[in-house]
Student: 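One structure follows; several queries about it will come next.
Just so you know, these numbers come straight off a predicted model, no measurement behind them. We count residues from 1, following the sequence as given.
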Amino acid sequence: MSPCLSLRNVTLLRGAATVFSQLTLQLSEQRIGVIGDNGAGKSSLFRLLCGLDQPESGQVEVPQGAGAVGMMFQNPDEQIIFPTVEEELALSLHRLKLSRAQTQVRVRDWLATRGLAHWAPRAIGSLSQGQRQHVCWLALMIASHTTLLLDEPYSSLDLPGQALLHRDIAQAQQQIMVSTHVLDHVRHFERVIWLDQGQVRLDGPGMEICAAYEADVALRTAQSL
């Protein structure tokens, strides 16, 4: 069974603007997509679920335990702290209380299992935007979070990178929520939530909700001509 995250009557303010008003969601499916226009509240939803934002009112409930929920930001430069790949991944193992040498061995062995042993000493600054985004994904996976929140994870990836991430998501054991404008990556999900100006416009099977959103965008585009 997937863990159950929930929001109950959550109101979130950002300055004078209301992002969410009395938003209620139960999030128990193994794969959940979140779609909608820019500014619809997708990133804000994820920030609430991982504790980066606090609601004005209402309750946000997540699985118990340190590091239960991990988030990958849209911009990897807002997430990466350390100068090398192995140091960045080592941060994800901090809660295991391993020695520095033990952590280094675990990180290098883990990268080797993925055919990326040569990445361990690489400077983050030498990596492309897509590669840095992949480092953020690697950091989430090695941390063994219960739930992973991926905010626009495909935005900087080339086609091979998208295919690799798509495969990793399909094979991962964790509950995963993906916010994206690339609908083909969530169309097959058991559940997709369409957010519209901070409200749930539609919520249901991926094929159905993605098709409805595409039809709405097509209609709005035609009306603007």
Side-chain angles (χ1 to χ4, degrees), residues 31-35 38-39 42-47 49-53 66-186 189:
R31 297 289 181 268
I32 301 174
V34 183
I35 63 175
N38 290 335
K42 302 185 297 297
S43 297
S44 295
L45 173 62
F46 283 6
R47 291 178 63 87
L49 291 172
C50 70
L52 291 175
D53 285 345
V69 179
M71 178 174 170
M72 189 168 90
F73 290 55
Q74 287 189 42
N75 184 354
D77 295 332
E78 295 178 359
Q79 184 164 347
I80 293 174
I81 299 173
F82 288 96
T84 68
V85 172
E86 65 181 342
E87 289 175 297
E88 185 64 26
L89 299 191
L91 178 63
S92 297
L93 300 177
H94 177 72
R95 60 191 175 91
L96 298 181
K97 307 299 183 183
L98 302 173
S99 70
R100 182 173 181 178
Q102 289 173 321
T103 300
Q104 185 181 66
V105 168
R106 182 171 293 200
V107 167
R108 290 184 176 184
D109 287 348
W110 190 81
L111 283 171
T113 66
R114 299 182 61 82
L116 294 172
H118 59 291
W119 273 33
R122 286 194 65 176
I124 295 296
S126 72
L127 302 177
S128 70
Q129 184 80 355
Q131 288 172 324
R132 292 198 294 274
Q133 197 155 17
H134 191 59
V135 169
C136 293
W137 170 240
L138 294 173
L140 280 186
M141 286 196 294
I142 199 173
S144 299
H145 299 290
T146 304
T147 297
L148 307 180
L149 310 175
L150 311 184
D151 193 5
E152 296 292 347
Y154 299 99
S155 59
S156 298
L157 301 181
D158 57 15
L159 285 178
Q162 290 187 38
L164 178 60
L165 178 57
H166 188 85
R167 185 201 67 187
D168 282 346
I169 290 174
Q171 295 177 348
Q173 297 300 308
Q174 297 98 323
Q175 180 188 36
I176 299 179
M177 295 182 61
V178 178
S179 161
T180 183
H181 293 295
V182 187
L183 301 187
D184 283 347
H185 290 300
V186 298
F189 280 11

Student: Would you mind listing every ring-ring contact (aromatic ring centres under 6.0 Å, His included) that reaches into residues 83-126, with sequence neighbours excluded?
Tutor: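 Of all non-adjacent pairs touching residues 83-126, those that pass ring-ring contact (aromatic ring centres under 6.0 Å, His included) are Trp119-His134.
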
Student: May I ask you to test the Leu165-Pro153 pair for a side-chain heavy-atom distance under 4.5 Å?
Tutor: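 When only atoms from C-beta onward are counted, Pro153 and Leu165 do touch, with a gap below 4.5 Å.
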
Student: Distance alone, cut at 3.5 Å: any donor-acceptor contact between the side chains of Gln74 and Ser43?
Tutor: yes

Student: May I ask you to decide if Ala101's main-chain N or O and Gln104's side chain share a donor-acceptor pair within less than 3.5 Å?
Tutor: no

Student: Got Cys50 and Val69 here, is their nearest side-chain heavy-atom distance under 4.5 Å?
Tutor: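 Side-chain contact under 4.5 Å: yes.
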
Student: State, yes or no, whether a side-chain contact exists between Ile80 and Cys136 at a heavy-atom distance under 4.5 Å.
Tutor: yes

Student: Can you tell which of Leu138, Leu91, Leu93, Leu98 makes a side chain to side chain contact (heavy atoms under 4.5 Å, CB included) with Val107?
Tutor: Leu93

Student: Who passes salt bridge (Lys or Arg N to Asp or Glu O under 4.0 Å) against Asp151, sequence neighbours left out?
Tutor: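 Testing Asp151 for salt bridge (Lys or Arg N to Asp or Glu O under 4.0 Å), a comparison that skips the adjacent residues, returns none.
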
Student: Quick check: do Ile124 and Phe82 have side-chain heavy atoms less than 4.5 Å from each other?
Tutor: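 Not in contact.
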
Student: For the atom pair CG (Leu150) and OG (Ser179), what is the distance rounded to the nearest 0.5 Å?
Tutor: 9.5 Å

Student: Which residues pass the ring-ring contact (aromatic ring centres under 6.0 Å, His included) test with Tyr154, sequence neighbours left out?
Tutor: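 Applying ring-ring contact (aromatic ring centres under 6.0 Å, His included) to Tyr154 gives His185.
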
Student: Can you list everything that forms a side-chain hydrogen bond (donor to acceptor under 3.5 Å, both in side chains) with Thr103? Sequence neighbours excluded, please.
Tutor: none

Student: Atom CG of Asn75 and atom CD of Gln129: how far apart are they, to the nearest 0.5 Å?
Tutor: 5.5 Å

Student: If the condition is side-chain contact (heavy atoms from CB on, under 4.5 Å), which residues does Ala163 pass it with, not counting sequence neighbours?
Tutor: none

Student: For Arg106 and Leu89, what are the C-alpha separation, side-chain angles and deciding distance, and is it a side-chain contact (heavy atoms from CB on, under 4.5 Å)?
Tutor: CA-CA 10 Å; Arg106 182 171 293 200; Leu89 299 191; over 6 Å; no

Student: A side-chain contact here means heavy atoms from C-beta on lying under 4.5 Å apart; do Met71 and Arg47 qualify?
Tutor: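 Met71 vs Arg47: side chains touch.
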
Student: Identify the heavy atoms of Ala139 and Ile142 that sit nearest to each other, and give their distance.
Tutor: O-CG2, 3.5 Å

Student: Would you say Gln171 has more than 12 foreign heavy atoms packed within less than 6.0 Å of its CD?
Tutor: yes

Student: Output all residues satisfying side-chain hydrogen bond (donor to acceptor under 3.5 Å, both in side chains) with Ser99, sequence neighbours left out; order by chain, then residue number.
Tutor: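 Partners of Ser99 under the side-chain hydrogen bond (donor to acceptor under 3.5 Å, both in side chains) test: Gln102.
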
Student: To the nearest 0.5 Å, tell me how far Thr180 OG1 sits from Phe189 CZ.
Tutor: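 If we round to the nearest 0.5 Å, Thr180:OG1 and Phe189:CZ are 9.0 Å apart.
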
Student: Please, which pairs that meet salt bridge (Lys or Arg N to Asp or Glu O under 4.0 Å) have at least one residue in residues 70-88, sequence neighbours excluded?
Tutor: Asp77-Arg132, Glu86-Arg108

Student: With a 4.5 Å cut-off on side-chain heavy atoms, are Met177 and Lys42 touching?
Tutor: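 No, side chains not in contact.
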
Student: How long is the span from the CD atom in Gln173 to the OG atom in Ser144, to the nearest 0.5 Å?
Tutor: 11.0 Å

Student: Roughly how far apart are Ile176 CD1 and Thr147 OG1, rounded to 0.5 Å?
Tutor: 9.5 Å

Student: When rounded to the nearest 0.5 angstrom, what is the spacing between CG in Leu149 and CD in Gln174?
Tutor: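 The CG atom of Leu149 sits 11.5 Å away from the CD atom of Gln174.
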
Student: Quick one: salt bridge (Lys or Arg N to Asp or Glu O under 4.0 Å) partners of Asp168, sequence neighbours excluded?
Tutor: Arg114

Student: Under the side-chain contact (heavy atoms from CB on, under 4.5 Å) rule, collect the residues that match up with Ser155, sequence neighbours excluded.
Tutor: Gln133, Glu152

Student: Indicate yes or no: at least one non-hydrogen side-chain atom of Val178 is less than 4.5 angstrom from one of Ile32.
Tutor: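 A side-chain contact under 4.5 Å is absent here.
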
Student: If you apply the rule side-chain contact (heavy atoms from CB on, under 4.5 Å), what do you find for Leu52 with Phe46, and how did you get there?
Tutor: CA-CA 9 Å; Leu52 291 175; Phe46 283 6; over 6 Å; no

Student: Show every salt bridge (Lys or Arg N to Asp or Glu O under 4.0 Å) that has at least one partner inside residues 172-186, sequence neighbours left out.
Tutor: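 Listed by first then second residue: Asp184-Arg187.
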
Student: Check salt bridge (Lys or Arg N to Asp or Glu O under 4.0 Å) between Arg122 and all other residues, then give those that pass, not counting sequence neighbours.
Tutor: none

Student: Can you list the steps and then say if Leu164 with Trp137 is a side-chain contact (heavy atoms from CB on, under 4.5 Å)?
Tutor: CA-CA 11 Å; Leu164 178 60; Trp137 170 240; over 6 Å; no

Student: Count the heavy atoms of every other residue, nucleotide or ligand shown that sit under 6.0 Å from CZ of Arg167, and state whether that count exceeds 12.
Tutor: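 Yes, CZ of Arg167 has more than 12 neighbouring heavy atoms, counting only those of other groups under 6.0 Å.
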
